[in-house]
Amino acid sequence: MRFIFDENHPPIMARVLEPLAVMDGYTVTSVRHLGLAGTKDVDLFQILADPTIKTVLITADKAMSRRQHEVAAIRETGAVVVLGVKAWNQQGDTLERVRMMVWWWPMILHCSIEADRGSFLELPWANSVKALRRWRA
């Protein structure tokens, strides 16, 4: 499984989580590290599509779940999308965002493993960790 942070999150999140993911045999990167900054979401799903590996996009773009063309691309490519609630974008302190992502990482990993391809997971901004709400694209 590979985890990719979109442009809503600072690339340092991927760098911090990468060693944790590698311990479990997964990869973490960001669209910026892949040279895909500025790529439209639908195109990004097509570029990242790989039937042999589950791709998990981590974003704070909640509207993605309401844009029909993006939902269709998620369904078609079999991606899993972890949607951070609005507070993820509102938090101006990058260190606090990284801390929260590390705090949530084991649950993100667990829920992503369990998630069907072509689905959404909602990532709250909270200090009490629980299973992520999920729904099909």
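For E7, the side chain to side chain donor-acceptor pair (under 3.5 Å) test picks out no residue, with sequence neighbours left out. Considering only residues two or more places apart in sequence or on other chains, R99 meets the salt bridge (charged side-chain N to carboxylate O under 4.0 Å, His left out) condition with E96. Applying the salt bridge (charged side-chain N to carboxylate O under 4.0 Å, His left out) criterion to R134, with sequence neighbours excluded, gives no partner residue.
Under the side-chain hydrogen bond (donor to acceptor under 3.5 Å, both in side chains) criterion, the residue pairs touching residues 75-89 are Q46-E76, with sequence neighbours excluded. Applying the side-chain hydrogen bond (donor to acceptor under 3.5 Å, both in side chains) test to every pair with at least one member in residues 101-113, sequence neighbours left out, gives no pairs at all. Every pair passing side-chain hydrogen bond (donor to acceptor under 3.5 Å, both in side chains) that includes a residue from residues 48-57 is listed here, sequence neighbours excluded: R2-T55, D50-T52.
Connection of L123 to V81 is not established within any shared hydrophobic cluster, with ILVMFWY side chains joined at heavy-atom distances below 4.5 Å, either directly or through further cluster members. Linking Ile, Leu, Val, Met, Phe, Trp and Tyr whenever their side-chain heavy atoms come within less than 4.5 Å leaves V42 and I47 in two separate clusters. Linking ILVMFWY side-chain heavy atoms closer than 4.5 Å, directly or via other members, places V22 and L34 in two distinct hydrophobic clusters. Hydrophobic clustering keeps W135 apart from L121 (ILVMFWY residues linked when any side-chain heavy atoms are closer than 4.5 Å, directly or through intermediates). M64 and F3 are not part of a single hydrophobic cluster, where members link through side-chain heavy atoms under 4.5 Å apart.
The shortest heavy-atom contact between A60 and D6 is N-OD1, 4.3 Å. Across all their heavy atoms, H33 and S30 have their closest contact at ND1-OG, 2.9 Å. Here the shortest heavy-atom pairing between N8 and T59 reads OD1-OG1, 2.8 Å. Between V80 and A115, the shortest heavy-atom contact is CG1-CB, 4.1 Å. Considering every non-hydrogen atom in both T94 and P10, the closest pair reads CG2-CG, 3.6 Å.
Looking at heavy atoms from C-beta onward, P19 lies out of side-chain contact with V28 at the 4.5 angstrom threshold. You'll find the side chain of T39 stays beyond 4.5 Å of the side chain of V31, heavy atoms only. I58 has its side chain out of reach of M13: every pair of non-hydrogen atoms, C-beta onward, lies at least 4.5 Å apart. Under the 4.5 Å side-chain criterion, counting only non-hydrogen atoms from C-beta, I12 is not in contact with R97. L36 has its side chain within reach of L48: a pair of non-hydrogen atoms, C-beta onward, lies under 4.5 Å apart.
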After noting the C-alpha distance and the side-chain angles of F5 and M101, does the key distance pass the side chain to side chain contact (heavy atoms under 4.5 Å, CB included) rule?
CA-CA 11 Å; F5 282 88; M101 193 61 71; 3.7 Å; yes

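R136 places a side-chain N or O within donor-acceptor distance of the main-chain N or O of R117, the cut-off being under 3.5 Å. No donor-acceptor pair closer than 3.5 Å links the side chain of D24 to the backbone N or O of Y26.
To the nearest 0.5 Å, the span separating CG on D41 from CG on L57 amounts to 7.0 Å.
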